[in-house]
2 protein chains.
Amino acid sequence: MTRRTGAEDGLATPSADPRHHVADPRARLRAAGLRVTAPRQAVLGVLGEHPHSTADAVASAVRRRLGSVSTQAVYDVLAACVDAGLVRRIEPAGSAARYETRTGDNHHHVVCRSCGATADVDCVVGELPCLTPSDTGGFVVDEAEVVFWGTCPSCAARGADDGAVRPGVRRPVAALHESHHHER
Amino acid sequence: MTRRTGAEDGLATPSADPRHHVADPRARLRAAGLRVTAPRQAVLGVLGEHPHSTADAVASAVRRRLGSVSTQAVYDVLAACVDAGLVRRIEPAGSAARYETRTGDNHHHVVCRSCGATADVDCVVGELPCLTPSDTGGFVVDEAEVVFWGTCPSCAARGADDGAVRPGVRRPVAALHESHHHER
DNA sequence: GCGTTTTCTTGACTCATTCCAGTCTCGGTG
DNA sequence: CACCGAGACTGGAATGAGTCAAGAAAACGC
């Protein structure tokens, strides 16, 4: 797959949500027991400003700040931060992995089918009976991941006319019909 | 990522669940307005017996039945069937896409962190208030996708001892702690 | 300042999936 | 029932996202 390119090619729209901003990268890194290096500070900074960015987008943004940084370094930094719990990694179907600094709460996401734009969705409302699977077939579940699919405001605006919802996103037909939400 | 290899390398364990079995591939294809070809019948047959298999696994299984079939053909068939609503495609983070013939109901899945084994989870119990995001930030949501992460029976059995939950599966730390299920 | 240990740079390489161009075949027609 | 054309399949090259590995370059504890 990986058709969806995203209007904003991986570099997510700047966010004003304070929950993403990384107050002091340096302190954060140190607290997590990680060495403080320029690439790491930059990565955290970038992710704070652009949550849900792809590794590639992060790399570009980081280079814009520091000059030159190897792609591998970015992957390493991201992996290290994910392991340390400073960064969360999400992998919406059909797009490259995206990263964000808002960790600790297991919030969910809405992803635009046509451009890939991603936004946070605070823990779903109400109780969570439905996040307790009925029968797990013996699996020991430790996490429930939820991804909402739809259309972002801007795509809805354009899309409404051009109608051509970007192809490559399979699942429309079926999905749009018997929508899971309503039926049971 | 894509570290998780899976004990059962993509070819899912045979399923007895009737909801996956494809009664008459030929009829199904015809009904969907698709041409009836050997590769297509074989793919549907294989998927009926091994739900949640990867494209690669499907290809091998199909070749075992028909002799030689190009990889491309398998991808084409899968895509055609997905478009026609005969097959559903799921993409658990960290593994190649998996396919299943149980469509129409938007059921969910449990995925084993260590071996990638996947099982169905019937529509979550109770009402679905929690599948109605609180604030979608303007997105028009048309589908809620849920993936449960955990450990499958066999891995739990082995794993308990060797302790070495296969690496590469990031998210453990945070996830295991403030588990979304309970809090909030 | 120094030595370790960890991180970064380079560059080759894998994997899943897609793109292309040519050949073959299903299935509606005459 | 032979024929034909749109729609499949074949083979091979190409992409995109990531990973592996070996050596150079920084961090940080002393």
Side-chain angles (χ1 to χ4, degrees), chain A residues 1-6 9-10 25-26 29-30 32-44 53-60 62-63 66-84 89-99 116 167-170, chain B residues 1-6 9-10 25-26 29-30 32-43 53-60 62-63 66-84 89-99 116 166-170:
Chain A
M1 182 89 316
T2 312
R3 176 69 58 73
R4 193 182 302 113
T5 323
D9 57 344
R26 190 162 320 204
L29 287 166
R30 199 152 271 144
L34 294 177
R35 283 193 181 178
V36 178
T37 69
R40 291 184 174 179
Q41 297 183 68
V43 166
L44 288 183
S53 298
T54 62
D56 191 57
V58 170
S60 309
V62 166
R63 292 194 187 104
L66 306 179
S68 116
V69 177
S70 72
T71 302
Q72 188 56 44
V74 173
Y75 275 105
D76 285 350
V77 169
L78 287 172
C81 289
V82 170
D83 285 344
R89 170 191 177 122
I90 58 176
E91 266 177 87
S95 106
R98 283 159 187 275
Y99 303 81
V169 179
R170 303 293 159 50
Chain B
M1 184 83 327
T2 310
R3 176 67 60 70
R4 193 183 304 111
T5 322
D9 59 345
R26 188 161 324 204
L29 288 166
R30 198 152 273 143
L34 294 177
R35 280 193 184 176
V36 178
T37 68
R40 292 183 173 181
Q41 298 183 69
V43 166
S53 298
T54 61
D56 191 58
V58 171
S60 308
V62 166
R63 292 195 185 103
L66 306 180
S68 116
V69 177
S70 72
T71 302
Q72 188 55 44
V74 174
Y75 274 102
D76 285 349
V77 170
L78 288 171
C81 290
V82 169
D83 285 343
R89 170 192 177 120
I90 58 176
E91 268 177 84
S95 107
R98 283 159 187 276
Y99 303 81
R166 186 162 313 181
V169 180
R170 303 291 158 51

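It should be emphasised that the depicted structure is a prediction, and the values quoted were computed from it without experimental measurement. In what follows, chains are A, B, ... by sequence order, proteins preceding strands, each numbered from 1.
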Exercise for review: Among dC28(D), dA17(D), dA8(D), find the nucleotide with the atom closest to the side chain of Ala96(A).
Suggested key: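 My answer, after comparing the listed nucleotides, is dA17(D).
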Review point. Where the side chain of Tyr75(B) is defined as all heavy atoms beyond and including C-beta, which of dG18(D), dG27(C), dT17(C) is the nearest nucleotide?
Key: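 Taking heavy atoms from C-beta onward, the closest nucleotide is dT17(C).
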Rounded to the Å, how far apart are [X] [atom1] and [N] [atom2]?
X        : N       : atom1 : atom2 : result
Leu66(A) : dT7(C)  : CG    : P     : 17 Å
Leu29(A) : dT7(C)  : CG    : P     : 10 Å
Glu91(B) : dC15(C) : CD    : P     : 19 Å
Leu34(B) : dC26(C) : CG    : C1'   : 13 Å
Gln41(A) : dA26(D) : CD    : P     : 15 Å
Asp76(A) : dC20(D) : CG    : C1'   : 11 Å
Asp83(A) : dT19(D) : CG    : P     : 11 Å
Arg40(B) : dT25(C) : CZ    : P     : 15 Å

Review point. Looking for any heavy atom pair under 4.0 Å, which part of the strands does Ser70(B) touch: base, sugar-phosphate only, or nothing?
Key: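 The residue Ser70(B) makes base contact.
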Review point. When all nucleic acid strands are considered with a 4.0 Å heavy-atom cut-off, which category describes Ala97(B): base, sugar-phosphate, or nothing?
Key: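 Sugar-phosphate, backbone atoms only, no base.
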Please check: side-chain N/O of [X] versus main-chain N/O of [Y], any donor-acceptor pairing under 3.5 Å?
X        : Y        : value
Ser60(A) : Asp56(A) : yes
Glu91(B) : Arg98(B) : no
Arg89(A) : Val82(A) : no

**Study point:** Thr37(A) vs Val69(B), nearer the 5' end of DNA chain D by closest nucleotide
**Key:**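 It is Val69(B) whose nearest nucleotide is closer to the 5' end.
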Point to revise | First of Ala73(A) and Thr71(B) reached from the 5' end of DNA chain C, by closest nucleotide | key: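 Closer to the 5' end of DNA chain C: Ala73(A).
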Exercise for review: For Arg30(B) and for Gln72(A), find the nucleotide of DNA chain C with the closest heavy atom, then tell me which residue's nucleotide is more 5'.
Suggested key: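 Its nucleotide being nearer the 5' end, the pick is Gln72(A).
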Practice item. Taking atom types as modelled, find out whether Ser70(A) and Arg63(A) have a side-chain donor-acceptor pair closer than 3.5 angstrom. Key: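 No, Arg63(A) and Ser70(A) have no side-chain donor paired with an acceptor closer than 3.5 Å.
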Review point. Between Arg35(B) and dT25(C), is there a side-chain N or O to OP1/OP2 distance below 4.0 Å?
Key: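 Answer is no, no contact under 4.0 Å.
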Review point. Would you say dA17(D) has OP1 or OP2 under 4.0 Å from some side-chain N or O of Thr54(A)?
Key: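 Thr54(A) to dA17(D) OP1/OP2: no side-chain N or O under 4.0 Å.
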**Study point:** Nearest-0.5 Å distance that lies between atom CG in Asp76(A) and atom CZ in Arg40(A)
**Key:**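 Rounded to the nearest 0.5 Å, the CG-CZ separation comes to 8.5 Å.
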